[in-house]
Amino acid sequence: MAELVELGQDESWELVGRQPICRIAWASGHGPFVLPVNHVVHGRSMWIRTSAYSTLVREVDDTRVAILVDDIDLDTRLGWSVQLRGVAHVHWHIAEVPEDVRTLHTWASGPRPLWIELTPDEVNGRRLVSGD
């Protein structure tokens, strides 16, 4: 039987930084919306690169969002998840984006000139470990 344990802030951020995909969620005008995206961690902030006309840009600037990053082994049913919550901010100018963040290349093709930053006010991590 697996046991659920809470993760500390440092371990949570380390795990988030290792995983290239996350899901960002927000309350849109049409109800809850969840979108898988690439991300990069810089300090204690998450950065997402997006297109100028994306739903993300239209709906999340200065809006409260949640981001889920996880990794689960389907065979062992063990893994971890980290949820981050806070207010997202769209950066319209590349000069506002740290140099090492600019290296993020999205998996989806097409121009992605804008950046969304989340410096969360809540970070909650959990790990499912073997109870054996």
Side-chain angles (χ1 to χ4, degrees):
M1 182 137 243
E3 179 184 348
L4 194 59
V5 296
E6 298 293 319
L7 301 177
Q9 296 289 303
D10 290 340
E11 185 176 8
S12 293
W13 277 106
E14 181 184 332
L15 292 169
V16 167
R18 281 196 242 154
Q19 189 73 315
I21 300 293
C22 66
R23 291 163 216 64
I24 183 168
W26 67 94
S28 76
H30 302 288
F33 200 94
V34 180
L35 186 66
V37 293
N38 298 97
H39 72 275
V40 66
V41 171
H42 178 74
R44 294 283 170 123
S45 293
M46 289 187 71
W47 291 78
I48 298 165
R49 194 171 189 169
T50 191
S51 65
Y53 303 103
S54 69
T55 302
L56 210 48
V57 167
R58 282 193 318 270
E59 296 190 4
V60 305
D61 194 22
D62 296 328
T63 298
R64 193 145 180 86
V65 301
I67 292 179
L68 181 69
V69 185
D70 59 8
D71 187 32
I72 305 296
D73 183 309
L74 297 177
D75 292 328
T76 65
R77 298 182 180 181
L78 302 177
W80 57 268
S81 67
V82 177
Q83 185 177 70
L84 307 100
R85 288 187 271 189
V87 175
H89 178 69
V90 175
H91 290 274
W92 299 89
H93 304 286
I94 192 76
E96 299 172 350
V97 179
E99 286 282 334
D100 56 332
V101 169
R102 297 178 197 176
T103 62
L104 174 65
H105 295 285
T106 61
W107 291 6
S109 63
R112 304 277 190 269
L114 301 183
W115 295 85
I116 295 171
E117 177 186 14
L118 175 67
T119 303
D121 52 41
E122 295 178 54
V123 177
N124 300 297
R126 304 183 309 170
R127 181 186 296 277
L128 242 125
V129 296
S130 176
D132 299 340

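All values below come from the heavy atoms of this structure, side chains included, with hydrogens, waters and symmetry mates left out.
The OG atom of S12 sits 8.0 Å away from atom CG of N124, with the distance rounded to the nearest 0.5 Å. In this structure, the separation between CZ on R126 and CD on E6 is 7.0 Å, given to the nearest 0.5 Å. From C22, atom SG reaches atom CG of L84 across 8.5 Å, with rounding to the nearest 0.5 Å. Here L128 contributes atom CG and R77 contributes atom CZ; the two are 11.0 Å apart, rounded to the nearest 0.5 Å.
Annotation for R102 and A95: closest pair NH2-CA, 3.8 Å, computed over non-hydrogen atoms. Between T119 and S45, the closest heavy-atom pair is OG1-OG, 2.6 Å. Residues V34 and A25 share a closest heavy-atom pair of CG2-CB, 3.8 Å. Nearest heavy-atom pair across S51 and P111 is CB-O, 3.5 Å.
Connection of W80 to V41 is established within a shared hydrophobic cluster, with ILVMFWY side chains joined at heavy-atom distances below 4.5 Å, either directly or through further cluster members. A chain of hydrophobic side-chain contacts below 4.5 Å, direct or via other Ile, Leu, Val, Met, Phe, Trp or Tyr residues, connects W92 to V60. Linking ILVMFWY residues whenever their side-chain heavy atoms come closer than 4.5 Å, directly or via other members, leaves L7 and L78 in distinct clusters. Cluster membership check: V87 does not share its hydrophobic cluster with I116, using side-chain heavy-atom separations under 4.5 Å among Ile, Leu, Val, Met, Phe, Trp and Tyr.
The list of ring pair (Phe, Tyr, Trp, His ring centres under 6.0 Å) pairs with a residue in residues 11-36, not counting sequence neighbours, reads W26-F33. For residues 43-61, the set of pairs meeting the salt bridge (charged side-chain N to carboxylate O under 4.0 Å, His left out) definition, not counting sequence neighbours, comprises D10-R44. The stretch residues 17-35 participates, sequence neighbours left out, in these salt bridge (charged side-chain N to carboxylate O under 4.0 Å, His left out) pairs: E14-R18, R23-D70.
The hydrophobic cluster containing I21 also includes W107, under a criterion of side-chain heavy atoms closer than 4.5 Å among ILVMFWY residues, counted directly or through chains of members. With side-chain heavy atoms closer than 4.5 Å counting as contact, directly or through intermediates, the hydrophobic cluster containing W115 also holds V40, W47, I94, V97, V101, L104. In the hydrophobic clustering, L68 connects to no other residue, as no ILVMFWY side-chain heavy atoms lie under 4.5 Å from its own.
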For this session: Given side-chain contact (heavy atoms from CB on, under 4.5 Å), test I67 with H39 step by step and report yes or no.
Result: CA-CA 10 Å; I67 292 179; H39 72 275; over 6 Å; no
For this session: Apply side-chain contact (heavy atoms from CB on, under 4.5 Å) to the pair R127 and L15, showing each step before the final yes or no.
Result: CA-CA 11 Å; R127 181 186 296 277; L15 292 169; 3.6 Å; yes
For this session: Kindly indicate, with the supporting measurements, whether the criterion side-chain contact (heavy atoms from CB on, under 4.5 Å) is fulfilled by T76 and S130.
Result: CA-CA 9 Å; T76 65; S130 176; over 6 Å; no
Exercise. Does the side-chain contact (heavy atoms from CB on, under 4.5 Å) test come out yes or no for I48 and L118, once each step is laid out?
Worked result: CA-CA 9 Å; I48 298 165; L118 175 67; over 6 Å; no
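Distance alone, capped at 3.5 Å, is enough to place a donor-acceptor pair between the Q9 side chain and the V123 backbone.
Counting non-hydrogen atoms of other residues, nucleotides and ligands closer than 6.0 Å to CZ of R112 gives a total above 12.
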